[in-house]
Amino acid sequence: MGESVIGAWIAAFLTLGILTFLYKDNVIYKISEAIFIGVSAGYWFITLFWDNLYRKFWVVGIEGGQWELWGGIILGVMMLCRLSRKIGWIARWPMSFIIGAVAGLYMMLYFTSNAMVQIRSTISNLTESVNVGDPYYIIGNIVVAAGTFSGLVYFYFSKEHKGVFGATAKVGIWFIMVTFGAAFGYTVMSRMSLLIGRIDFLLSDWLKLIS
Amino acid sequence: MKRQIPMMILSTIGTIFVLAYFSPGLEELEKGGSIFFDVVACFAFFLGGSNLVRVHIQKIARHNPGWGYSIVTLFGFGLMLFIGLFKLGNPLGIAGAPTEPGSWFQIIFQYCVAPLSATMYSLLAFFVASASYRAFRAKNTEATILLVAAFIILLGRTQLGLVMTSWVPDWLSIAQIPNLAVFIMTSPNLAGQRAIMIGIALGVVSMSLRLILGIERSYLGSDS
């Protein structure tokens, strides 16, 4: 028996093991779940070890002569102090480093790409659509601009949602609901597609019922 | 000492990264800082792995309910670590990438991790169906809008949607379900997404400022 045949049997056992949960919680499901947790944690652990620690610290830092990366190792080891109750407070230093780096980096990144670029696109598309003259395009861009504005009004909680402000916020929540509905629709489709993929695997790769 | 130094580190690093955005001279520092950051972040994963081992060893030692499954978890974790660290069965030996096609590490990923993860997520299709039945009973305007939007998107991406509204004349093509789904995606959905994105961005900016200025201290924990 080749590697692919044994592999297909193992994959089929694990697939069916997880699907047995649809009947009820059982031993086979729990074994499959335990394998999933252990093996996937190990997979990501090793991937991160070779990609980050080896490639970035050893290759760039040690072999490339960037000795300042030892600072990263020292902070990383300090993070492991979290496992001890007595010296757990030391882990706050590397945590502060990570939080500081993320805060500094994301503050500018989000402000430029998520706030300013989105506002600019909303306004520029609206003015551009008037020049194009296509009624569907104009209506579409008016809907986008009105929806974005009313959605932002809904997220403004420093003023009570009453009167014209409340009505605008109400329209905003409708737009947000459409977004959630679309996201839900796509989620259902992606899960269905995964399910079809697993059934296809069972019927074609494992049982060879479909060629 | 236990609180002031972490706050100083956070403020300094945060300020450097903000200044690096404006100053061309600090670009290199930002790049170096990113690699430094990746190395530190790697240890966060080690911490997670150590915690996983500790929790399951404790469960086994105390014979807690379900301790047998902890043995399976630890065995799977240990097996991947052993094979991945020593690159066992790797066609290119220790010099090859761990995910080299044909390596044992990659084979386990292909026949265990990938099918398990796909099946686990596909299982959600059933639970989403039952949860949506309970959540989407059109109780109010918002729930109805959500339900209708989801329904149009689902139908619009299938052949059924096309067949159902194929009789609609071309001059009213927007009313055909696939076109309606496209309109929803490109107009009201985009508007909602933009409002959420801008809201998140403003939240990130305010939270980052609170952290850098030392106003937000919850990351330090409650103990001194």
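Note that the structure is a prediction, hence the values are computed from the model and not measured. Order of the sequence lines fixes the chain letters, A, B, ..., with proteins taken first and strands second; residue numbering starts at 1 for each chain.
Options B:Pro115, B:Ser50, B:Gly48 differ in how many heavy-atom pairs under 4.5 Å they form with chain A, and the most are formed by B:Pro115. Counting heavy-atom pairs closer than 4.5 Å to chain A, the top-ranked of the candidates B:Ala201, B:Ser11, B:Ala44 is B:Ala201. Your options are A:Ser190, A:Gly17, A:Ala182, and the one with the most heavy-atom pairs under 4.5 Å with chain B is A:Ala182. When each of B:Ile107, B:Leu52, B:Leu79 is scored by its heavy-atom pairs under 4.5 Å with chain A, the top score falls to B:Ile107. Each of B:Phe22, B:Phe109, B:Tyr219 has some count of heavy-atom pairs under 4.5 Å with chain A, and the biggest count is that of B:Phe109. Among B:Ala114, B:Pro98, B:Gly68, the residue making the largest number of heavy-atom pairs under 4.5 Å with chain A is B:Pro98. Among B:Asn51, B:Ile153, B:Thr73, the residue making the largest number of heavy-atom pairs under 4.5 Å with chain A is B:Thr73. Ranked by heavy-atom pairs under 4.5 Å with chain B, the list A:Thr15, A:Asp51, A:Ile37, A:Ile10 is led by A:Thr15. Heavy-atom pairs under 4.5 Å with chain B were tallied for A:Trp93, A:Phe155, A:Phe175; the largest tally goes to A:Trp93. Taking chain B as the reference chain and counting heavy-atom pairs below 4.5 Å, the highest number among A:Gly72, A:Gly151, A:Gly185 is found for A:Gly72. Among A:Val60, A:Leu48, A:Val117, the residue making the largest number of heavy-atom pairs under 4.5 Å with chain B is A:Leu48. The candidate with the highest count of non-hydrogen atom pairs below 4.5 Å against chain B, out of A:Met107, A:Lys170, A:Arg82, is A:Met107.
Using a 3.5 Å distance cut-off with no hydrogens or angles, the side chains of B:Arg157 and A:Tyr186 do pair a donor with an acceptor.
With a 4.5 angstrom heavy-atom cutoff, A:Tyr137 does not touch chain B via any of its atoms. Only the side chain of A:Asn125 comes within contact range of chain B, judged by heavy atoms closer than 4.5 Å. Within the 4.5 angstrom heavy-atom criterion, atoms from both the backbone and the side chain of A:Ser4 approach chain B. Looking at B:Met185, only its side chain comes within 4.5 Å of chain A, counting heavy atoms on both sides. With a 4.5 angstrom heavy-atom cutoff, B:Ser206 does not touch chain A via any of its atoms. Neither the backbone nor the side chain of A:Ala91 comes within contact range of chain B, judged by heavy atoms closer than 4.5 Å. Contact of A:Val27 with chain B is made through backbone and side chain together, with heavy-atom distances under 4.5 Å. In this structure, chain B has a heavy atom under 4.5 Å from the side chain of A:Phe21, while its backbone stays farther away. Of the atoms belonging to B:Leu211, it is side-chain heavy atoms, and not backbone ones, that fall under 4.5 Å from chain A. Contact of A:Thr122 with chain B is made through backbone and side chain together, with heavy-atom distances under 4.5 Å. Using a 4.5 Å cut-off between heavy atoms, A:Val153 makes no contact with chain B at all. Neither the backbone nor the side chain of B:Phe151 comes within less than 4.5 Å of any heavy atom of chain A. In this structure, the portions of B:Pro188 lying under 4.5 Å from any heavy atom of chain A include both its backbone and its side chain. Using a 4.5 Å cut-off between heavy atoms, A:Met95 does not touch chain B at all. For a residue to count as touching a neighbouring chain, one of its non-hydrogen atoms must lie under 4.5 Å from one of that chain's; by this rule B:Ile212 touches chain A with the side chain only.
Crowding of B:Phe75 atom CZ: a count of heavy atoms from other residues, nucleotides or ligands under 6.0 Å not exceeding 12. With a 6.0 Å radius and a threshold of 12 heavy atoms from other residues, nucleotides or ligands, B:Phe82 has its CZ atom at or below the threshold. Counting non-hydrogen atoms of other residues, nucleotides and ligands closer than 6.0 Å to OH of A:Tyr29 gives a total above 12. The environment of A:Tyr154 atom OH is sparse: at most 12 non-hydrogen atoms of other residues, nucleotides or ligands sit within 6.0 angstrom. Crowding of A:Phe157 atom CZ: a count of heavy atoms from other residues, nucleotides or ligands under 6.0 Å exceeding 12.
Shown are A:Ile73, A:Ile74, A:Asn52, A:Leu75; of these, the side chain to side chain contact (heavy atoms under 4.5 Å, CB included) with B:Val39 is made only by A:Ile73.
The CG atom of A:Leu194 lies 7.5 Å from the OG atom of B:Ser117; values are rounded to the nearest 0.5 Å. Rounded to the nearest 0.5 angstrom, A:Glu33 CD and B:Leu116 CG are separated by 10.0 Å. Between B:Phe43 atom CZ and A:Met79 atom CE the span is 9.5 Å, to the nearest 0.5 Å. If you take CZ on A:Phe201 and OG1 on B:Thr119, they are separated by 8.5 Å, rounding to the nearest 0.5 Å.
Between A:Met177 and B:Leu146 the shortest heavy-atom distance is SD-CD1, 3.5 Å. For the pair A:Thr148 and B:Ala195, the tightest heavy-atom approach, listed with the atom from each and the gap, is O-CB, 3.8 Å. Nearest heavy-atom pair, A:Thr179 versus B:Gly192, reported as atom, atom and distance to 0.1 Å: OG1-CA, 3.1 Å. Taking every heavy atom of both residues into account, B:Gly84 and A:Trp50 meet most closely at O-NE1, 3.0 Å.
Side-chain contact check for A:Tyr43 versus B:Leu81: every heavy-atom pair is 4.5 Å or farther apart.
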(request) Please assess B:Leu123 against A:Leu19 for the test side chain to side chain contact (heavy atoms under 4.5 Å, CB included), listing each intermediate value before the final yes or no. (result) CA-CA 7 Å; B:Leu123 205 60; A:Leu19 288 177; 4.0 Å; yes
(request) Could you please spell out the steps behind the ring pair (Phe, Tyr, Trp, His ring centres under 6.0 Å) verdict for B:Phe45 and A:Phe49? (result) CA-CA 9 Å; B:Phe45 213 84; A:Phe49 174 83; over 10 Å; no
(message) Pair A:Thr112, B:Tyr21 - check side chain to side chain contact (heavy atoms under 4.5 Å, CB included), show working.
(response) CA-CA 11 Å; A:Thr112 51; B:Tyr21 182 81; 2.9 Å; yes
(request) Would you sort out whether B:Ile108 and A:Val39 count as a side chain to side chain contact (heavy atoms under 4.5 Å, CB included), showing the intermediate values? (result) CA-CA 8 Å; B:Ile108 295 178; A:Val39 171; 3.8 Å; yes
(request) Test side chain to side chain contact (heavy atoms under 4.5 Å, CB included) on B:Tyr121 and A:Arg191 and set out the steps. (result) CA-CA 6 Å; B:Tyr121 286 113; A:Arg191 301 294 184 236; 4.0 Å; yes
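Contact residues of residues 96-103 of chain A toward chain B are A:Ser96, A:Phe97, A:Ile98, A:Ile99, A:Gly100, A:Ala101, A:Val102, A:Ala103 (heavy-atom distance under 4.5 Å).
Panel note: side chain B:Ser187, backbone A:Val144; no donor-acceptor pair is recorded below 3.5 Å. B:Arg194 places no side-chain N or O within donor-acceptor distance of the main-chain N or O of A:Asn114, the cut-off being under 3.5 Å. The backbone N or O of B:Leu220 sits less than 3.5 Å from a side-chain atom of A:Arg92, completing a donor-acceptor pair.
Ring centroids of A:Tyr136 and B:Phe183 are separated by 6.0 Å or more, keeping the two rings apart. Aromatic rings from A:Phe45 and B:Phe46 are positioned such that their centres are separated by under 6.0 Å.
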